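Since the structure is predicted, the reported quantities are computational estimates derived from the model, not experimental observations. Counting starts at 1 for both ligands and their atoms, in listed order. When a residue number appears, it is its place in the shown sequence, counting from 1.
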Amino acid sequence: MISAAEGSPNGNSCCQPNGRMDDYAQQAFVDDNIAISPNAPEEVPTLLKRIALHSEAYLTENDENERTKILDAARSLVYALETPREAIIRHCWSQSTLYAALETGVDLGLFTALSQNDKPKTSGQLAAATGADPTMLARILKHLAAMGVITETGPDEYRRTGFSMSMMCNRYSDSYPCMTGCITDGVLALPAQLKKMGYRNPSDGKDCAFQRGFSTPLHFFDFLTENPIHAVQFNNHMSVYHQGRPSWMDVGFYPVLSLVAEANISDHDALLVDMGGSLGHDLSEFRRKWPQVSGRLILQDLPKVVEQARSMNLDPAIELMTHDFFTEQPIKGARAYYMHSVLHDWTDDDCRRILANVIPAMKRGHSKLLLNENVIPSTNAYWETTSLDIIMMADFASTERTEKQWRALVESAGLKITKIWTVRRGVESLIECELA
Ligand SMILES: C[S@@+](CC[C@H](N)C(=O)[O-])C[C@H]1O[C@@H](n2cnc3c(N)ncnc32)[C@H](O)[C@@H]1O
């Protein structure tokens, strides 16, 4: 909020009671030239050089890190070249409309119809294949092409892309109805909720923007239990949102083999207990990447989620178990209790309750707690992490945490952090903890 005196060039009050500047003050501050001039033209040469530099390395070595550096620089280039007016229109027009077009496309089966083969298809053919009105569909297709989601090959004619092909798979395409069904209305209600709460940091997962946006008294996870279709979509979204990111299970990230070798784990010992493990994607990845490793792999989640996981044809080495992590952990003395993107859903007090239920099961000198979470860096945080933080604020009254916040939380629960492994600006870090 700009205070009235701050908002004036000469320190005099220029604001109306709601914090908006009056027309005269606005003119003194912002003439149209600012709104129609590039945001940071002075940064353009450096950014172009950075893109060229990383492109060379990417093209010669096909290095994934170089690819992400090009993407970061390309985004910064867009922000630097874009004018404020263009940014406003991008935020206000393109984001919600692209979303609406995508969700409509998913619901219609448009992407499946388009992506069956590489042949371009007319809007009329796609309308016939999906049963949609041809005039309406032509407009949706034009916008999807204008936004770079599908390729326009001629007037009213389109070809599939890698994106449209990914949309043929429910695990990916469910992200869109999932957001509409149980996330976005909470985010959209955030400004009004923050205003009502006097702009305090939300701290009650049963009284935050989520309840306002979805007109429900329920906590997010109780809402999912009551809405099984959204629950399935949410679990599918969980199974894909981190695909392709570096993973702690990759060689060279976390010492997976010493986790096993140092403790002499046999086939009867519990190696990994994945608490709130959703559909078992992490344990499946572990099994795929470390098939030779002995020890039990146990997937725990709420009953409905475990039910969905049972239908997924998981590797038979993965044991499924219903467990509410607000109750005592039944698997005692496991080598590692693992939680991926779980504690970020909960306030510090709730996290301490969850941890208090694991601690009695941990064996001193043997058991580790592995928290696979974002660790927000003090500068240059990644936009995926900050987006998720605002979702956490809106829908869970919880937070993505900095290293300092993780240390304070873990120590207050009676544990200690032994080491944090982290890559790519804190995304997908692994926080290893032991009994204090
Ligand atoms: C944000 S998701 C993370 C899922 C998975 N670990 C991942 O990273 O993809 C949180 C998970 O916690 C589960 N969960 C929520 N409340 C729970 C509870 N009381 N006991 C056990 N699991 C719970 C949800 O069903 C969901 O699968």
Novice: Please find out if less than 6.0 Å separates the ring center of Trp406 from that of His344.
Specialist: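 When the ring centroids of Trp406 and His344 are compared, they turn out to be at least 6.0 Å apart.
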Novice: Examine distances only and state if a side-chain atom of Arg364 and a backbone atom of Ala436 form a donor-acceptor pair shorter than 3.5 Å.
Specialist: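 Such a contact is found between Arg364 side chain and Ala436 backbone.
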Novice: Assess whether a salt bridge exists between Arg407 and Glu403, defined as any Lys/Arg side-chain N lying under 4.0 Å from an Asp/Glu carboxylate O.
Specialist: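 So Arg407 pairs with Glu403 through a salt bridge.
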Novice: Regarding ligand 1, does Asp274 bring an N or O atom to under 3.5 Å of one of the ligand's N or O atoms?
Specialist: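 Checking ligand 1 against Asp274, no N or O pair falls under 3.5 Å apart.
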Novice: Below 4.0 angstrom from a heavy atom of Tyr241, which ligand 1 atoms are there? Numbered from 1 as shown, please.
Specialist: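 Per the distance check, 8 (O), 9 (O).
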Novice: Hey, is Val305 touching ligand 1 through its side chain, its backbone, both or neither, going by heavy atoms under 4.0 Å?
Specialist: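 Near ligand 1, Val305 shows its side chain, while the N, CA, C and O stay back.
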Novice: Which bit of Phe325 is near ligand 1, meaning a heavy atom under 4.0 Å away: side chain, backbone, both or neither?
Specialist: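 For Phe325, the contact with ligand 1 is made by both the backbone and the side chain.
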Novice: Can you name the atoms of ligand 1, numbered from 1 with element, that are less than 4.0 Å from a heavy atom of Ser278?
Specialist: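 That gives atoms 4 (C), 5 (C), 27 (O) of ligand 1.
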Novice: Whether Lys142 and Glu152 form a salt bridge (side-chain N of Lys/Arg under 4.0 Å from carboxylate O of Asp/Glu) is what I want to check.
Specialist: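 Lys142 and Glu152: salt-bridged.
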Novice: In the protein, what heavy atom is nearest to atom 2 (S) of ligand 1, and what distance, to one decimal place, separates them?
Specialist: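 Scanning the protein heavy atoms, the shortest distance from atom 2 (S) of ligand 1 goes to Met238 SD, 3.6 Å.
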Novice: Checking a contact table here: which protein heavy atom is nearest atom 25 (O) of ligand 1, and how many Å away?
Specialist: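 Nearest protein contact, heavy atoms only, for atom 25 (O) of ligand 1 is Asp301 OD1, 2.7 Å.
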Novice: For the pair Arg296 and Glu319, find out whether any cationic side-chain nitrogen is under 4.0 Å from an anionic carboxylate oxygen.
Specialist: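 Here Arg296 pairs with Glu319 in a salt bridge, since their nearest N and O are under 4.0 Å apart.
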Novice: Among protein heavy atoms, which lies nearest atom 19 (N) of ligand 1, and at what distance?
Specialist: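 In this structure, atom 19 (N) of ligand 1 has Asp324 OD1, 2.8 Å as its nearest protein heavy atom.
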Novice: Given the side-chain rings of Phe253 and Trp248, with only the six-membered ring counted for Trp, is the space between their centroids under 6.0 Å?
Specialist: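 Judged by ring-centre distance (under 6.0 Å), Phe253 and Trp248 do not meet the cut-off.
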Novice: Among protein heavy atoms, which lies nearest atom 8 (O) of ligand 1, and at what distance?
Specialist: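 Closest protein heavy atom to atom 8 (O) of ligand 1: His340 O, 3.0 Å.
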Novice: If the threshold is 4.0 Å, N to carboxylate O, is there a salt bridge linking Asp72 and Lys69?
Specialist: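 Looking at Asp72 and Lys69, the cut-off is not met.
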Novice: Under 6.0 Å between ring centres, would you say that holds for Phe220 and Phe214?
Specialist: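 No, the ring centres sit 6.0 Å or more apart.
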Novice: Test your reading of the structure: does His344 have an N or O sitting under 3.5 Å from an N or O of ligand 1?
Specialist: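 N/O-N/O distance below 3.5 Å does not exist for this pair.
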Novice: Pick whichever of His281, Glu428, Met392 has a heavy atom sitting closest to atom 9 (O) of ligand 1.
Specialist: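 Looking at heavy atoms only, the winner is His281.
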Novice: Taking the side chain from Asp63 and the backbone from Tyr58, do they hold a donor-acceptor pair closer than 3.5 Å?
Specialist: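 Pair absent, no side-chain N/O of Asp63 close to backbone of Tyr58.
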Novice: Would one find an N or O of His242, backbone or side chain, under 3.5 Å from an N or O of ligand 1?
Specialist: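 There is no such contact.
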Novice: For atom 10 (C) of ligand 1, what's the nearest protein heavy atom and its distance?
Specialist: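 Ranking protein heavy atoms by distance from atom 10 (C) of ligand 1, first comes Asp345 OD2, 3.4 Å.
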Novice: Any salt bridge linking Glu157 with Lys121? Criterion: basic side-chain nitrogen under 4.0 Å from a carboxylate oxygen.
Specialist: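 Result for this pair is no, no salt bridge flagged.
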Novice: Taking 4.0 Å as the limit for heavy-atom contacts, which would you say applies to Leu224 with ligand 1: side chain only, backbone only, both, or neither?
Specialist: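 Looking at Leu224 and ligand 1, no heavy atom falls under 4.0 Å.
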Novice: For atom 4 (C) of ligand 1, tell me which residue out of Ser341, Gly276, Gly277, Gly280 has the closest non-hydrogen atom.
Specialist: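 That would be Gly276.
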Novice: Please check whether Phe234 reaches ligand 1 - meaning an N/O of the residue sits under 3.5 Å from an N/O of the ligand, judged on distance alone.
Specialist: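 It does not: no N or O of Phe234 is found under 3.5 Å from an N or O of ligand 1.
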Novice: Could you list the atoms of ligand 1 found under 4.0 angstrom from a heavy atom of His323?
Specialist: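 The list of qualifying atoms is 20 (N), 21 (C).
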Novice: Keeping the roles fixed (side chain from Thr418, backbone from Glu432), state whether a donor-acceptor pair exists under 3.5 Å.
Specialist: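 Pair found, side chain donor or acceptor close to backbone of Glu432.
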Novice: Are any of the N or O atoms of Asn235 closer than 3.5 Å to those of ligand 1?
Specialist: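 There is no such contact.
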